[in-house]
Amino acid sequence: MSNEAAAIGTADRRPVHALIVGAGLSGLGAAIRLKQHGFDDFVVVERGSDVGGTWRVNSYPGAGCDVPSQLYSYSFALNPEWSHSFSPQPEIYAYLRKVADDNGIRDRLLFDSAMTGARWNTETSRWDVDTANGNFSAQFLISGAGVLAEPSLPDIKGISTFEGKIFHSSRWDHSAELAGKRVAVIGTGSSSVQIVPSIAPEVERLDVYQRTATWVMPHLGRRYTGLERVLFKRVPGFQRFVRGLIYANREIFVVFQVKYPKLAVLLEIVGRVKMFLEIRDPEKRRKVVPTHRLGCKRMLVSNKFYRALDRKNVDLVTDGISEIRANSIVTEDGTEREVDAIVLATGFHVADSPTFNLYTGADGRTMAECAEEEGPKVYKGTTATNFPNLFMMLGANSGLNYTSLIYIIESQLNYVLSALTRMRELNLGTFEVKLAALDDYNAVIKKNMATTVWATGGCQSWFLDKAGNNSALWPDFSFRFRNQTREFDLTAYETTPAVAR
Ligand code: N01
C-alpha cells in the first residue's frame with residue numbers, strides 16, 4: 001500500500017481505488033478488465049467461497065444455459081472446449097474458474113466476505129464499504145451483486161411447518177435423497193423446466209404446481225463434433241465468426257419482443273405443435289396452453305419438459321396452493337397431496353432485491369428507498385443520481401432475455417474503463433449523473449417499452465416492478481446498448497476535481 005493510499009483511508013478502513021462486489025460474471029469480468037488496463041489497486045469481495053456467482057450456486061439437477069455456448073463466454077476468453085452448443089452448468093462454472101486462474105486475479109479475490117453495507121461518505125468523497133472480512137474506503141464501487149441472486153420464497157400458509165426437505169432451486173440440497181420419494185416442484189419457470197425432467201424418472205411421484213402456463217420452444221442444443229472443436233481451436237477467426245453468426249441470429253428475437261410483438265403468433269404455432277406432439281394426456285395438454293403472448297414471460301426452452309409432464313408418475317397441478325402442512329400440500333379445491341420433499345422453483349427478488357438496502361447514497365437514503373420513492377432510475381443501466389462513483393453492473397433496464405448477458409456486462413465494462421480513464425486524465429475525483437440526463441434517458445426507455453410484448457402481452461413477470469414498470473430489460477437491439485456505452489459521456493455528469501492528499 002502506498003503512503004498516499006494509507007493517508008486516504010481511516011484507521012480501520014483499507015483504502016482501495018476500486019472495490020468490486022461479487023465474483024460472478026460481472027465482478028470477475030470487471031476485475032480482469034481493470035487489471036488489463038493497469039487499474040491495479042482493487043479488491044473483489046465475494047460472499048461465497050469461490051468465483052462463479054449464479055453458475056456456482058445454481059447446481060440443481062439439469063442446470064444449464066439456454067443461451068448458446070458460443071455467446072456465453074467473455075470476448076477476451078473464448079472457449080473452444082465447450083462440449084455442447086448449449087452448456088451445462090458444471091462446464092460454465094469450470095470455465096469461470098479457469099478464466100480467473102488464467103487472468104491472474106485470484107490474489108484480489110476475498111472470499112467469504114459478504115458486503116454488509118456501502119455508504120457514500122460526503123466528507124471523504126469515497127465509499128465506506130463494510131464486509132464480513134474487513135472494512136474498506138473505496139474511491140469507486142463496482143457492484144456485481146447479480147440480478148437473479150436473491151431467492152424469492154413463497155409466502156404460503158404453513159410453509160414453515162413442513163417436516164420434509166424443502167429448499168429453493170438455487171440452493172439445492174444435495175443431501176436430500178429424492179429417488180423413490182414423493183416430490184413437489186412449485187413453479188414452472190426456466191429453472192423448473194430443467195429440474196422437472198431431470199428428477200421425474202427417479203422419484204416415485206412428482207407434483208408440478210403451475211400458477212401460469214408459459215410458452216415452451218424447442219431446444220436446439222447438440223453435442224459438438226470433434227471436428228468442430230478442432231476448428232474452433234486451430235482455425236484463426238473461425239470461432240469468432242460462428243459466434244458472430246449466432247449473435248446476429250439471436251437479435252431476431254428483438255423483432256418479436258420489442259418491435260412487432262404480434263409476429264410472435266408465428267412462434268406460438270411452433271409452441272402449439274410442440275404441446276400436441278409431446279403431451280398425449282388431453283387434460284395436461286389443455287393445462288399447458290398459455291393465455292399471454294409469447295415472450296411476455298421469459299420464453300422457456302426444452303425438449304424434455306412436456307414429455308416429463310406427460311409421464312404417469314407426474315401430476316400437473318393448476319389449482320392454487322392454499323396451505324402447506326407437515327407432510328402435504330393442500331390446494332384451493334381442498335385436495336391434499338402428501339409429499340416428502342418440496343422444491344421451490346419460485347424465482348428471485350429482482351426489482352425488490354434486498355441487496356438494494358445495502359447501498360446508502362449521498363443524501364442518506366438507500367437504493368431501495370430511492371427506488372421505492374422514485375422508481376428504479378438508472379442511467380445507461382450503470383450509474384444513478386445520489387450514488388456518486390458507483391457503477392452498477394446489470395442495473396435497471398440493462399437485462400436481456402434472449403441473448404447473452406455477458407454482452408451487456410462487457411459493454412458496461414467498456415463504460416467503466418472509459419470513465420476511470422477520463423477521470424484520471426482530467427484529474428477528477430467524483431462523478432454523479434445529472435438528474436436531467438437521467439430523466440431524459442429514462443423517458444426514452446419508457447417510450448420504447450410501451451409497445452413491447454412485456455408491456456402488452458397480458459402477463460405478470462419478474463421483469464415488472466411493483467408499479468408494473470419493466471425496470472429489468474433493455475427494450476432495443478443489444479448492439480444499441482453497446483453503442484451507448486462505448487465512451488463515458490462526461491457532459492451527462494457533475495464532476496469534482498480530485499482532492500490533493
Ligand atoms: O424463476 P421464474 P426461475 N405459488 O421467476 C412460480 C434465469 N434462468 O428460477 O409465472 C406458486 O421464471 C411462478 O409462477 P408465475 C432466467 O432469466 C436462466 O425459473 O409467477 N407458484 C413461476 O412459474 C429466468 O427467467 C436459465 O405465475 C409460484 C415460477 O414460480 C430466471 O432465471 C436457467 C409462486 C418462477 O419462475 C428465473 O427463472 C434458469 C407461488 N407463491 C433460470 N411464486 C438459463 O438457462 C412463484 N411461483 C440461462
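The model shown is predicted, which means the values in this text are computed figures rather than measured ones. Both counts, for ligands and for their atoms, begin at 1 and track the order of listing.
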Item to check | Nitrogen or oxygen atoms of Gly64 and ligand 1 under 3.5 Å apart | outcome: yes
What do you reckon, does [X] put a non-hydrogen atom under 4.0 Å from ligand 1?
{"X": "Gly320", "result": "no"}
{"X": "Val67", "result": "no"}
{"X": "Gln210", "result": "no"}

Checklist entry - For Ile406 and Tyr72, what are the C-alpha separation, side-chain angles and deciding distance, and is it a side chain to side chain contact (heavy atoms under 4.5 Å, CB included)? => result CA-CA 7 Å; Ile406 299 178; Tyr72 223 77; 4.2 Å; yes
Checklist entry - Does NZ or CZ of Arg298 lie under 6.0 Å from the centre of the six-membered ring of Phe463, at an angle within 45° of the ring axis? => result no
Checklist entry - Is the charged tip of Arg97 near the ring of Tyr93: under 6.0 Å from the six-membered ring centre and within 45° of its axis? => result yes
If you draw a 6.0 Å radius around [atom1] in [X], do more than 12 non-hydrogen atoms from other residues or ligands fall strictly inside?
{"X": "Lys287", "atom1": "NZ", "value": "yes"}
{"X": "Arg280", "atom1": "CZ", "value": "no"}
{"X": "Tyr260", "atom1": "OH", "value": "no"}
{"X": "Phe241", "atom1": "CZ", "value": "no"}
{"X": "Phe111", "atom1": "CZ", "value": "yes"}
{"X": "Lys259", "atom1": "NZ", "value": "yes"}

Please write down residue, atom name and distance for the protein heavy atom closest to [atom].
{"atom": "atom 32 (O) of ligand 1", "result": "Leu148 CD1, 3.3 Å"}
{"atom": "atom 11 (C) of ligand 1", "result": "Ile186 CG2, 3.6 Å"}
{"atom": "atom 36 (O) of ligand 1", "result": "Gly189 CA, 3.7 Å"}
{"atom": "atom 6 (C) of ligand 1", "result": "Gly187 CA, 3.6 Å"}
{"atom": "atom 1 (O) of ligand 1", "result": "Gly347 CA, 3.1 Å"}
{"atom": "atom 8 (N) of ligand 1", "result": "Ser190 CB, 3.9 Å"}
{"atom": "atom 3 (P) of ligand 1", "result": "Ser191 OG, 3.4 Å"}
{"atom": "atom 14 (O) of ligand 1", "result": "Arg211 NE, 3.6 Å"}

Determine, considering heavy atoms only, which of [options] sits nearest to [atom].
{"atom": "atom 25 (O) of ligand 1", "options": "Phe348, Trp55, Tyr209, Trp462", "answer": "Trp462"}
{"atom": "atom 48 (C) of ligand 1", "options": "Asp66, Val147, Ile92", "answer": "Asp66"}
{"atom": "atom 16 (C) of ligand 1", "options": "Gln89, Gln194, Arg298", "answer": "Arg298"}

Item to check | Parallel, tilted or perpendicular: rings of Tyr60 and Trp172 (30°, 60°) | outcome: tilted
Quick one: which ligand 1 atoms are inside 4.0 Å of a heavy atom on [X]?
{"X": "Thr212", "answer": "10 (O), 15 (P), 27 (O)"}
{"X": "Thr188", "answer": "22 (C), 23 (O), 29 (C)"}
{"X": "Tyr60", "answer": "33 (C), 39 (C)"}
{"X": "Lys297", "answer": "10 (O), 15 (P), 20 (O)"}

Item to check | For Arg56 against Gln89, the heavy-atom pair lying closest together | outcome: O-NE2, 4.1 Å
Checklist entry - If we only count heavy atoms from C-beta on, is the Pro475 to Trp454 side-chain gap below 4.5 Å? => result yes
Next on the checklist: Is the contact between Ala63 and ligand 1 made by the side chain, the backbone, both, or neither, using heavy atoms and a 4.0 Å cut-off?
Outcome noted: neither
